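Chain letters run A, B, ... following the sequence lines, proteins first, then strands; residues in each count from 1. What you are looking at is a predicted structure, and each value in this text was computed from that prediction instead of being measured. Side chains included, hydrogens not; waters and symmetry mates left out as well; all remaining heavy atoms used.
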2 protein chains.
Amino acid sequence: MTQTLFNRQQVAALTGLTSRQLSYWRKTGLVTPNSYTEGGHARYSFTDLVALRAAKRLLEAKVSLQRIRKCLQSLTGFLPHANRPLAELSLVVTGDVVLVFHGERAFDALSGQEWVFPIAELVREVEQLQQQQPQQAELFPVAMEQAEEYA
Amino acid sequence: MTQTLFNRQQVAALTGLTSRQLSYWRKTGLVTPNSYTEGGHARYSFTDLVALRAAKRLLEAKVSLQRIRKCLQSLTGFLPHANRPLAELSLVVTGDVVLVFHGERAFDALSGQEWVFPIAELVREVEQLQQQQPQQAELFPVAMEQAEEYA
DNA sequence: AATGGACAAGTTTTACAATTGTTGTCCTTT
DNA sequence: AAAGGACAACAATTGTAAAACTTGTCCATT
């Protein structure tokens, strides 16, 4: 199967990354090229480009390479199906965290801790609690005490 | 206008918070009661209960009171319309951050930094970049180099 | 022309101590 | 009953120095 591959210059032009960065990222395993020429020159696939762009944007969002690597590492644990998280997943990023959206859920890419938390639910929750406590409501006559204040 | 108000015991029963916590949160301004009796006793409104529950859930999600307070403080800056963020906004929480969803956007409750960042966009982005660089594609004949590798 | 190595400036993380915050318990006051 | 104050144990934040990481530049190699 023939696949379009990109050389150093093309990748640099398409992603805005420097050779030095590509070199370092390759060396540290952050984004490795699809393949190498016989001469040992890197060749990046289209998917590689997407991963590179993703990493670059994370970097621009003040996420350090170190953190990106850790996130990728833990993501392979949480989502074994994602072969290339950087090229596949939907992420929300602030300088401090990388949040992964996966279906209806959101969780921290680093810790895996999940917490989606719509306040609207709390309103219903409190309403229910209120109804589950009818005795309480009788034991402590709120109406009277209110009268005390608003009379 | 008559409003249902809740006393200490009721609030404790409905929220699962201790008197001590209510006292401290009141003192530090995290969640203050709707009003006080003439005797100086706190009376919480329904909205207060929702705010208390929200704060409690943030706490359970390992967000410290200190952080919650800071978030509330900066939220009043970012979203002046939200009088009671804890009772109104949709939040996504991990131990380290509080993310606020406001319409289509998501941003860090603390820094206000906004970053929603779907990878799918990057794919289109790279495709476009690719098409904007036709000269490059000609200058560096990928097909030939590929032949070198896959022949 | 592209890669790898070595050096250096700047940045990020880590580790740890000092400080500050949170909550329980007990006691006094209203 | 509820609130407030004082004390103590535990938790979180801050500050900071040491270590590790990133990236540019220059040079040698292929």
Chemist: Please state how far atom CD in A/Q10 lies from atom P in C/dA1, giving the value in whole angstrom units.
Modeler: 15 Å
Chemist: In whole angstrom, give the distance that lies between atom NZ of B/K56 and atom C1' of C/dT22.
Modeler: 16 Å
Chemist: Just jot down the side chain to side chain donor-acceptor pair (under 3.5 Å) partners of B/T76, sequence neighbours excluded, or say none.
Modeler: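 B/T76: no side chain to side chain donor-acceptor pair (under 3.5 Å) contacts found.
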Chemist: Under 3.5 Å, which N/O atoms of the protein pair with N/O atoms of nucleotides 21-26 of chain D?
Modeler:
unit_1: D/dT22; atom_1: OP1; unit_2: A/Q66; atom_2: N; d: 3.0
unit_1: D/dT22; atom_1: OP1; unit_2: A/R69; atom_2: NH1; d: 2.8
unit_1: D/dT22; atom_1: OP1; unit_2: A/R69; atom_2: NH2; d: 2.6
unit_1: D/dT22; atom_1: OP2; unit_2: A/Y24; atom_2: OH; d: 2.3
unit_1: D/dT22; atom_1: OP2; unit_2: A/R69; atom_2: NH2; d: 2.7
unit_1: D/dT23; atom_1: OP1; unit_2: A/Q21; atom_2: NE2; d: 3.3
unit_1: D/dT23; atom_1: OP2; unit_2: A/W25; atom_2: NE1; d: 2.8
unit_1: D/dG24; atom_1: OP2; unit_2: A/T18; atom_2: OG1; d: 2.8
unit_1: D/dG24; atom_1: N7; unit_2: A/R20; atom_2: NE; d: 3.0
unit_1: D/dG24; atom_1: O6; unit_2: A/R20; atom_2: NH2; d: 3.0
unit_1: D/dT25; atom_1: O4; unit_2: A/R20; atom_2: NE; d: 3.2

Chemist: Using the test side chain to side chain contact (heavy atoms under 4.5 Å, CB included), find all partners of B/Q66 that sit at least two apart in sequence or belong to another chain.
Modeler: B/S64, B/R69
Chemist: Should B/L86 and B/V50 count as side-chain neighbours, where that means a heavy-atom distance under 4.5 Å?
Modeler: no
Chemist: Holding to side chain to side chain donor-acceptor pair (under 3.5 Å), I want the full list of residues that pass it with A/R84, two or more places apart in sequence or in another chain.
Modeler: A/D48
Chemist: Is A/K70 near enough to C/dT12 that one of its side-chain N or O atoms lies under 4.0 angstrom from OP1 or OP2?
Modeler: no
Chemist: Nearest whole angstrom, please: distance from the P of D/dG5 to the CZ of B/R26.
Modeler: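 In whole Å, D/dG5 P lies 12 Å from B/R26 CZ.
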Chemist: Rounded to the nearest 0.5 Å, what's the gap from CG on A/D108 to CG on A/L75? Could you check?
Modeler: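 Between atom CG of A/D108 and atom CG of A/L75 there are 9.0 Å.
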Chemist: So do B/L22 and B/R26 actually touch side chain to side chain, heavy atoms under 4.5 Å?
Modeler: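 B/R26 reaches B/L22 side chain to side chain.
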Chemist: Does a side-chain heavy-atom distance below 4.5 Å link B/L17 with B/W25?
Modeler: yes
Chemist: What's the angle between the local helix axes at either end of the helix from C/dA1-D/dT30 to C/dT30-D/dA1, using five pairs per end and rounding to 10 degrees?
Modeler: 50°
Chemist: To the nearest Å, how far apart are B/L30 CG and C/dT22 C1'?
Modeler: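 Interatomic distance, CG of B/L30 to C1' of C/dT22: 12 Å.
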Chemist: Separation of B/K62 atom NZ from D/dC10 atom C1', in whole Å?
Modeler: 14 Å
Chemist: Whole-Å distance between C/dT22 C1' and B/K27 NZ?
Modeler: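 Checked: the NZ to C1' distance equals 10 Å.
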Chemist: If the condition is side chain to side chain donor-acceptor pair (under 3.5 Å), which residues does B/T32 pass it with, not counting sequence neighbours?
Modeler: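 B/T32 satisfies side chain to side chain donor-acceptor pair (under 3.5 Å) with no residue once adjacent residues are dropped.
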